[in-house]
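Note that this is a predicted model, so its numbers are computed, not measured. In what follows, every chain begins at residue 1, and chains take the letters A, B, ... in the order their sequences are listed.
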Amino acid sequence: MKYSVQVKIKDGVLDPEMETLQRLLRRSGVKGIRQLTHTQQFVLEFDDQVDATEAERVARTVAGDVLANPEIHDWTLDVL
Amino acid sequence: MKYSVQVKIKDGVLDPEMETLQRLLRRSGVKGIRQLTHTQQFVLEFDDQVDATEAERVARTVAGDVLANPEIHDWTLDVL
Amino acid sequence: MSDPALRIAIIDFHGTLCERDCAAAFGQAAHVETMLVSSEKDSFSGPVHAIVVPGGFSYGDYIRPGAMARTAPITRALYAAADAGTPIIGICNGFQILCEIRLLPGVLLKNRDGRFICRETGLRVQSRRSPFLAGVKPDVLRVPIAHKYGQYYCSAETLAELQANDQIALCYCDDEGQISDAANPNGSVGHIAGVTNKAGNVLGMMPHPERRAMPWHAGKDGNWMIESVCA
Amino acid sequence: MNILIDQILNQRQKDTLLAGLGRDPTPAEVAMVSAMWSEHCGYTHSRHFLKTLPREGEHVLAGPGENAGIIRLHDQLAVAFKIESHNHPSAVVPYQGAATGVGGILRDIFTMGSEPIALMNSLHFDIRDHRGKWIAEHVVDGIADYGNCTGIPTVGGEYSSYPWYVDNPLVNVVCAGLLKPEQVLKASTAQVGDRVLYFGNKTGRDGIAGAIFASLNLTEATREQKSAVQVGDPFMGKLIMQATLELIRAGVPSAMQDMGAAGITCSTSEIAHNSGLGITVELDAVPVRAPGITAEEILLSESQERMLATVPPDRLAQAEEILNRYPLDYAWIGVIEETPDMVVRFQNETVASAPLDLLIDGCPVEDYADLTDDVLRAGKERASDLSGIAGTGRPLLGGKPSTNPEPPTLSALLEVYAETSHYASARHIYEQFDYEINQRTLGGPGDDHTLMYDAASERTVAFTLHSRSPWTLQHAYRGTRAVLAAAWRRSIAAGAYPLGLSNCLNYPSADRRETMIDFGGTTLAMKEFCEALGIPVTGGNVSFYNESEVGAIAPTPVFVLVGDSVLGPDRYRYAGAEGQLYLLGTPDLTAGDVYALWRLRQDGTLSGATVPTVDFAQEHQVGQALLDLYRAYPGAFAMRDVGKGGVFKRILEQFARADRDVVLNDDLPAALPDVLLGEGPCTYLLFVPDATTLEWPAALQAAGIRPLGRVTAGDGKLLAPAVELDLLKYRARADKSLEPHWIDQLELAP
Ligand SMILES: Nc1ncnc2c1ncn2[C@@H]1O[C@H](COP(=O)(O)OP(=O)(O)O)[C@@H](O)[C@H]1O
Ligand SMILES: [Mg+2]
């Protein structure tokens, strides 16, 4: 059982790391990058004994409680 | 033109964040997670005027020099 | 003041660093007894007058500063204390934790220029609703910041609410007390250095009052806040 | 693995191993020996010289050989301190290299039972090009992230940028800790039957052969050995620090050692050997992270944040009770034995069984009997032609001295002062460090002195960190004497008679005789300094092979002095008073670093630059008199040693204010450029506010203390005979951040 959690900064929330990176790149003469976005993917791999409902419950809790902060992130959960 | 850069810690190199998360989850009673991995995806979107070879060259440089450190990361570049 | 000492609980997560600094600073106040409470505990074992969530790098700041604090048993006790109106202050990482466990609105992002900043800043007291600020006489304090993730962020609606409810407690300002972009070290929205919850009893702030409190410190502005809550 | 062994073990080492074992070594034994007999662990090239250093003294509680030196400051307080290099990893992975350097030095300090109170660092780059800047930025970020996360303030340091650090940056980190004199725990006190405790992170394949890595020149080939890279885990660093201190306070371990270079091999063998005993290690018990990891890999892994302790059998439960409170791994991996052998078992087989004598003391070391003191004192002069620096013959600087050099004008020198990164504000570095946490910082970065306050004993500890590569490049022996004297003066200005010395000796390849002459010259100078002033060497670190195809570093010894300071919270802090400036000593422009930088710009040489000739007895006399003055007039006046950037830097930092002028007297002791930008023996600058009347002790009068000028009402000028300088202008330029010097364009051009 493998779950993938994708965490992405919400539209409209500025991502300071990407902002800093953009600034650095611009200062270095890199032109032409219109947008830079960043997504994090976490893969949770469960032991075979763990059943699917339990695994999904755990994955969902970890995603919503720790991996993402709903104030700034959108997140999705997928089975791999 | 859109490029995606995937950055991941090399096998065998310690990922302290994932190790710690796994340890804490185990301590708080979450069992059954065999492995936890983390991949970062950056999407670089170029202005239309930038031609493809130039965009790819820039994307490659940014990936190898800034987004990833080849000593500890594996990275891949894809056109989206 | 009544006889039994005021008990101030100082919460210690794995990776918390400023618990002893806070204990020393708050412990100076008359009648105060500080106690360290491990985050692995789920209660304070007895009444507490106030709670300090100190600075540091709980769980290494891994994933996101404050994010893993949610998994600690003490959070349940914190929710109960917040509901009961107990004065709570989160300093630096403590502020990040209080935001991550949703006791305070907003979130703390990486500083505008991406680096850790250790520097004294000016702080303008905007609201004295928190018991930690009620007795602060000056309008401007000088207290240092030390953080990499101190950029306060919230949505426009939340910001409007904060303003409407008088929840903005502290803003960064310059030597003359002027709030400005130049005096904002980390890019915080509205130049915010500290906010309270709606009720006013929970305060979070990035600067460290406990670092301007001891007899050998050159500045002592942090003592205003300590004396305020212990009055 | 085998390729590495052939690179590392020379014929003599192979012969010694075979003779010592009387049979063919097992692969695990070869692995262990390759690490233990590397330069990094075995001190093969340096031992000959290091053993001459004075290490005894009434204040020494632990000396070289232990994880860190410990000095008793007074009855209630002792200080553990040590400096270590992380140059090679930092050249390859600057962020991780620097971060793990901090982790390692922290472990050395808390392993001894002392609570870390301060970190410092000595950083040297060549920031002329993109790579140098990239390294500089990432090194600082790595130091910041690790130190900040563990809650130990980084309270000072130094940095420089010189062309001889191209491709070979130096990253030396210092840690100091406090403890009660009776709390010292050593790595040499294990008992037979004690169980061997492992705790911290799991063992993985990261950092395999790191110790070997540090013993090689950096070539394209070594850069490719990626398995040598280690990743730091500062959160675990903090946990093992807390757990270790808790174990020690509870009296659980009988001995303690961190796992640094050569990991399990080095820590287990040394703890047994230093205790005069043997050890059996069960590798199957070691918590591992990498599936299929081999015995050799476990033995050599340099995974970070791992600790080793020996625990008496009746204390095992107590140890577990403490460790269970932390989210970390621990395991019992062996036992201390009577027979002085190291036995390693893995998967039901004995994979190694070798006498510890052979493994540790058997290391064949180089003998340099022909490098007599006379040879070392004569040394090797370098200045005018740096093109073949350290004998590599590589065109590093390419300069030939201009035949008829014009002496520099004051304005040309001040131009250099204002433009180079050396005197730009170090705020860009130190504001990334939390330098105030733990409430002990009395003098932090940007302050005159580095002072840490201990509220319990109401005493102050002074730390001094110093190196001067232009001097040690020109002449290792005389240059080192000058650096040590300068470090001494810094300590005196910080109010402390130094009680102990630690050092990090950064040199090019040890395989070249010229390097060893330099190295020997440095150790001889250190010996003379320590003997003359009664200061023991309590520890140190050697880093050879700091060279690559591109260049070799200048010999760069870095020194750390620790002392009990007479300055306290009430020390004098300049706040705008008018008063008198006094100068001790006679500064010489050509000895100062501003001249060196000017000269390097002119023609890429140091011709005309000099090394001050110092007399330790005289420095001692003046230093003592100044300390007496501090004691006689507490909080009444300010004193600075005159070091890098000369008197001018001190005037700029302290007295450049919109409402003050600095007016120098007509009868200056030397030409103005010498006075403002020079350096020399026994040079100090003192400021006495008008409200204070001092009586100069005879010793200072004899040393020639003289009025230099006045700080008086004005508008930010420096006025000297026929010269008027706008101090505020220079101050504004010096206040500018280093950032623009450090950050520039990525090489994105095709
Ligand atoms: N690498 C560093 N790490 C921490 N602090 C530093 C570093 N480099 C410089 N500093 C601090 O910045 C200040 C100015 O540095 P510098 O001018 O080189 O030293 P000083 O004033 O001691 O001669 C000093 O207080 C020093 O401790
Ligand atoms: Mg050690």
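Residue A:Val62: no heavy atom, backbone or side chain, is found under 4.5 Å from chain C. Within the 4.5 angstrom heavy-atom criterion, no atom of C:Tyr62 approaches chain A.
The choice from A:Gln40, A:Glu17, A:Arg23, A:Lys10 that makes the most heavy-atom pairs within less than 4.5 Å of chain C is A:Glu17. Most heavy-atom pairs under 4.5 Å with chain C, from the set A:Asn69, A:Leu21, A:Val7, A:Val13: that is A:Asn69.
From C:Gln151, atom CD reaches atom CD of A:Glu19 across 9.0 Å, with rounding to the nearest 0.5 Å. Distance CG/A:Asp15 to NZ/C:Lys110: 9.5 Å, rounded to 0.5 Å.
Taking all atoms of both residues into account, the shortest heavy-atom contact from A:Val66 to C:Ile63 is O-CG2, 3.7 Å.
Residues of residues 72-80 of chain A lying under 4.5 angstrom from chain C, judged on non-hydrogen atoms, are A:Ile72, A:His73 in numerical order.
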Distance-only donor-acceptor pairs under 3.5 Å for side chains of residues 68-78 of chain C, two or more places apart:
{"residue": "C:Arg70", "atom": "NH1", "partner": "C:Glu100", "partner atom": "O", "Å": "3.0"}
{"residue": "C:Thr71", "atom": "OG1", "partner": "C:Met68", "partner atom": "O", "Å": "2.7"}
{"residue": "C:Thr75", "atom": "OG1", "partner": "C:Ala72", "partner atom": "O", "Å": "2.7"}

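A search for salt bridge (charged side-chain N to carboxylate O under 4.0 Å, His left out) contacts involving C:Arg102 returns A:Glu71, not counting sequence neighbours. For C:Phe13, there are no ring pair (Phe, Tyr, Trp, His ring centres under 6.0 Å) partners, not counting sequence neighbours.
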* To do: Kindly indicate, with the supporting measurements, whether the criterion side-chain contact (heavy atoms from CB on, under 4.5 Å) is fulfilled by A:Leu14 and C:Leu109.
  => CA-CA 9 Å; A:Leu14 102 168; C:Leu109 303 175; 4.2 Å; yes
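A distance-only check finds a donor-acceptor pair linking the side chain of C:Arg64 to the backbone of A:Leu67 [under 3.5 Å].
Applying the 6.0 Å contact sphere to CZ of C:Arg129 captures more than 12 heavy atoms from other residues, nucleotides or ligands.
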